[in-house]
Amino acid sequence: MGTFTGKTILITGASEGIGRALALALAPQRPRLALVARSAARLESAAHECTALGAEALALPADLARPEDCARVVQLTTERCGGLDVLVNNAGVTMWSRFEAVSDLSVFGHLLAVNYLAAVHVTAAALPHLRRARGLIVAVASIAGLTGVPERTGYAASKHALVGFFESLRIELRGSGVDVTIVAPDFVVSEIHRRALGPGGAPLGASPMQEAHIMTAAQCAQLMVRAMQRRRRLLITSGRGRFGRWARLLVPGLVDRIAARAIRERR
Ligand SMILES: NC(=O)c1ccc[n+]([C@@H]2O[C@H](COP(=O)([O-])OP(=O)(O)OC[C@H]3O[C@@H](n4cnc5c(N)ncnc54)[C@H](OP(=O)(O)O)[C@@H]3O)[C@@H](O)[C@H]2O)c1
């Protein structure tokens, strides 16, 4: 029997990367998982793997850039599972371009829609159910939600918005029994780098990262499960991320240089 045994957990962005790894890491505790993303085929395969590990799993294809889809996935989850205990706002997209090179500024709106507004819409629909369950909201932000990162202006802005929203909501929810865990991963091996939107708004197609030198999605998921079990306020997955959080108060120029080097060295 684990913390999440029999609990209903909705994970957005569960077809790939961190979301999929989190679903697989939670599955042995035998929760009910509602898995959301656009790709029905990838979701079905994730649901199949989770079921084999002991979970009940529901694949709910949806485009979370559309507010009506955000409300629909919560409604379907609660109808089929009888409630909702944990919401993991994880779906996300990124960019890779210096600001002055961006020729298609619609990238900025798209990043906000998926990384920030989708979480707002899903959370709005989920909150009445989470209140009843005295549940947990997880927001997967990024170190780029805590500090600036070059080549990522629109991404960092969307993640700062996400962090600001959930830091504020946490205070509003004091005494309700609903907790908020913010996750700020450093670089993780996933599909997000290959899919990053370049200067013209098209995906890069190949990951620019030094993938042998960065955390795997499974490692990130293990850290997340522990943070979720403890209902921690904030999980930062790397030493340099934890260092940067405090160092920017005293030596902000040093933190800028660390961020610039991480992007230059792609790790
Ligand atoms: N990987 C990193 O280095 C890193 C670092 C810090 C933070 N993060 C954050 O971690 C989260 C997960 O990212 P990841 O690295 O695991 O990326 P990923 O492998 O690309 O996975 C992203 C997930 O989001 C889904 N998604 C994207 N757009 C969507 C939309 N419009 N509607 C519904 N689902 C959508 C994708 O599925 P479909 O394409 O099928 O819709 C996929 O399941 C993101 O919020 C990201 O910003 C990642």
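Order of appearance sets the numbers: ligands from 1, and atoms from 1 within every ligand.
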Novice: If you measure every N/O of Val114 against every N/O of ligand 1, is any gap under 3.5 Å?
Specialist: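 N/O-N/O distance below 3.5 Å does not exist for this pair.
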Novice: Have a look at ligand 1 and work out which part of Ala217, if any, has a heavy atom under 4.0 Å from it: side chain, backbone, both or neither.
Specialist: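 Looking at Ala217 and ligand 1, no heavy atom falls under 4.0 Å.
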Novice: Please list the nearest protein heavy atom to atom 6 (C) of ligand 1 with its residue and the distance rounded to 0.1 Å.
Specialist: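 For atom 6 (C) of ligand 1, the nearest protein heavy atom is Pro185 O, 3.3 Å.
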Novice: To the closest 0.5 Å, what do you measure between CD1 (Ile214) and NE2 (His193)?
Specialist: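 Taking CD1 in Ile214 and NE2 in His193, the distance rounds to 4.5 Å.
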Novice: Quick one about Arg20 and Ser45 (side-chain donor to acceptor, distance below 3.5 Å, no hydrogens or angles considered), yes or no?
Specialist: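 Yes, a side-chain donor-acceptor pair sits under 3.5 Å.
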Novice: Same cluster or not: are Val36 and Leu87 linked, directly or through other Ile, Leu, Val, Met, Phe, Trp or Tyr residues, by side-chain heavy atoms under 4.5 angstrom apart?
Specialist: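 Yes.
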Novice: Could you check atom 33 (C) of ligand 1 against the protein and tell me its nearest heavy-atom contact, residue, atom and distance included?
Specialist: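 Answer, as residue, atom name and distance: Ala62 O, 3.4 Å.
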Novice: Does Arg20 come within less than 4.0 angstrom of ligand 1, counting non-hydrogen atoms of the residue?
Specialist: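 Checking ligand 1 against Arg20, which is what was asked, there is no heavy-atom contact under 4.0 Å.
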Novice: Which value, rounded to the nearest 0.5 Å, describes the distance between Ile9 atom CD1 and Leu22 atom CG?
Specialist: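 Spacing of CD1 (Ile9) from CG (Leu22) equals 7.5 Å.
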Novice: May I ask you to check whether Ile192 has an N/O atom sitting below 3.5 Å from an N/O atom of ligand 1?
Specialist: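 Min N/O separation from ligand 1 is below 3.5 Å for Ile192.
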Novice: Quick test of your reading of the structure: of Ala14, Gly92, Ala139, whose heavy atom lies closest to atom 22 (C) of ligand 1?
Specialist: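 Going through Ala14, Gly92, Ala139 one by one, Gly92 has the nearest heavy atom to atom 22 (C) of ligand 1.
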Novice: For atom 5 (C) of ligand 1, which candidate among Leu162, Val188, Val88, Asp186 provides the closest heavy atom?
Specialist: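 The residue whose heavy atom sits nearest atom 5 (C) of ligand 1 is Asp186.
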Novice: Counting from 1, what ligand 1 atoms have a heavy atom of Asn90 closer than 4.0 Å?
Specialist: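 By the 4.0 Å cutoff, the relevant atoms are 10 (O), 11 (C), 12 (C), 44 (C), 45 (O).
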Novice: Among the clusters formed by ILVMFWY side chains lying less than 4.5 Å apart, do Phe187 and Met215 turn up in the same one?
Specialist: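 No, no single cluster joins them.
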Novice: Check whether Ser158 reaches the backbone of Tyr116 with its side chain - one donor and one acceptor, N or O, closer than 3.5 Å.
Specialist: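 Pair absent, no side-chain N/O of Ser158 close to backbone of Tyr116.
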Novice: Return a yes/no value for Phe187: is any of its N or O atoms, backbone included, closer than 3.5 angstrom to an N or O of ligand 1?
Specialist: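 No, Phe187 has no N/O under 3.5 Å of an N/O on ligand 1.
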Novice: Could you find the nearest protein heavy atom to atom 7 (C) of ligand 1 and give me its residue, atom name and distance?
Specialist: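 For atom 7 (C) of ligand 1, the nearest protein heavy atom comes out as Ala141 O, 3.1 Å.
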Novice: Could you check whether atom CD of Glu100 has more than 12 heavy atoms from other residues, nucleotides or ligands sitting under 6.0 Å from it?
Specialist: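 Open: at most 12 neighbouring heavy atoms sit under 6.0 Å from CD of Glu100.
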Novice: Could you tell me whether a side-chain N or O of Thr8 sits under 3.5 Å from a main-chain N or O of Asp85, the two making a donor and an acceptor?
Specialist: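 No; judged by distance alone, with no hydrogens or angles, the pair does not exist.
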Novice: Does an N or O anywhere in Ser142 fall below 3.5 Å from an N or O of ligand 1?
Specialist: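 Checking ligand 1 against Ser142, no N or O pair falls under 3.5 Å apart.
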Novice: Please check whether Gly13 reaches ligand 1 - meaning an N/O of the residue sits under 3.5 Å from an N/O of the ligand, judged on distance alone.
Specialist: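 Between Gly13 and ligand 1, an N or O pair is found under 3.5 Å apart.
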Novice: Could you report the tightest heavy-atom contact between Val180 and Leu173, atom names first, then the distance?
Specialist: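 That closest heavy-atom pairing would be CG2-CD1, 4.4 Å.
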Novice: Would you mind running through ligand 1 and noting each atom that sits below 4.0 Å from a heavy atom of Gly17?
Specialist: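 Listed by number with element: 16 (O), 19 (O).
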Novice: What's the shortest distance from atom 32 (N) of ligand 1 to any protein heavy atom, and which residue and atom give it?
Specialist: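 Looking only at protein heavy atoms, the one closest to atom 32 (N) of ligand 1 is Leu64 N, 2.9 Å.
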Novice: With a 4.0 Å cut-off on heavy atoms, does Lys159 reach ligand 1?
Specialist: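 The answer is yes, since Lys159 has a heavy atom less than 4.0 Å from ligand 1.
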Novice: Can you tell me the protein heavy atom closest to atom 40 (O) of ligand 1 and the distance?
Specialist: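 Protein heavy atom at minimum distance: Ser39 N, 2.9 Å.
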Novice: State the atoms of ligand 1, each with its element, that fall below the 4.0 Å cut-off from a heavy-atom position in Tyr155.
Specialist: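 Matching atoms, with element in brackets: 6 (C), 7 (C), 8 (N), 9 (C), 46 (C), 47 (O).
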Novice: Within a distance under 4.0 Å of any heavy atom of Val140, pick out the atoms of ligand 1 and give their elements.
Specialist: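 What qualifies from ligand 1 is 9 (C), 10 (O), 11 (C), 45 (O).
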Novice: For atom 19 (O) of ligand 1, grab the closest protein heavy atom and report residue, atom and distance to one decimal in Å.
Specialist: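 For this ligand atom, the closest protein heavy atom is Glu191 N, 3.0 Å.
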Novice: Kindly give the cluster partners of Trp246, where membership spreads through any ILVMFWY side chain lying under 4.5 Å from a current member.
Specialist: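 Result for Trp246 is Leu249.
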Novice: Supply the atom-to-atom distance Asp256 CG to Thr147 OG1, rounded to the nearest 0.5 angstrom.
Specialist: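 Going from CG on Asp256 over to OG1 on Thr147, the span is 6.5 Å.
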Novice: I'd like to know if Asp63 contacts ligand 1, where contact means a heavy-atom distance under 4.0 Å to any ligand atom.
Specialist: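 Yes; Asp63 lies near enough to ligand 1 that a heavy-atom distance drops under 4.0 Å.
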Novice: So is Arg42 touching ligand 1 or not, going by heavy atoms under 4.0 Å?
Specialist: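 No; Arg42 lies far enough from ligand 1 that no heavy-atom distance drops under 4.0 Å.
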Novice: Got an N/O contact under 3.5 Å between Ile143 and ligand 1?
Specialist: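 No, since none of the N or O atoms of Ile143 sits under 3.5 Å from an N or O of ligand 1.
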Novice: Side chain to side chain contact (heavy atoms under 4.5 Å, CB included) between Lys159 and Asn115: does it pass, once the steps are laid out?
Specialist: CA-CA 7 Å; Lys159 293 296 187 178; Asn115 294 355; 4.2 Å; yes
Novice: Report the distance from atom CG of Leu43 to atom CD of Glu16, rounding to the nearest 0.5 Å.
Specialist: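 One finds 9.0 Å between CG of Leu43 and CD of Glu16.
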Novice: Considering residues at least two apart in sequence or located in another chain, which fulfil the salt bridge (charged side-chain N to carboxylate O under 4.0 Å, His left out) criterion with Arg248?
Specialist: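 So Arg248 forms no salt bridge (charged side-chain N to carboxylate O under 4.0 Å, His left out) with any residue.
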Novice: For atom 48 (C) of ligand 1, grab the closest protein heavy atom and report residue, atom and distance to one decimal in Å.
Specialist: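 Of every protein heavy atom, Ile18 CD1, 3.8 Å lies nearest to atom 48 (C) of ligand 1.
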Novice: To the nearest 0.1 Å, how far is atom 42 (C) of ligand 1 from its closest protein heavy atom, and which atom is that?
Specialist: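 It is Ser15 OG, 3.6 Å.
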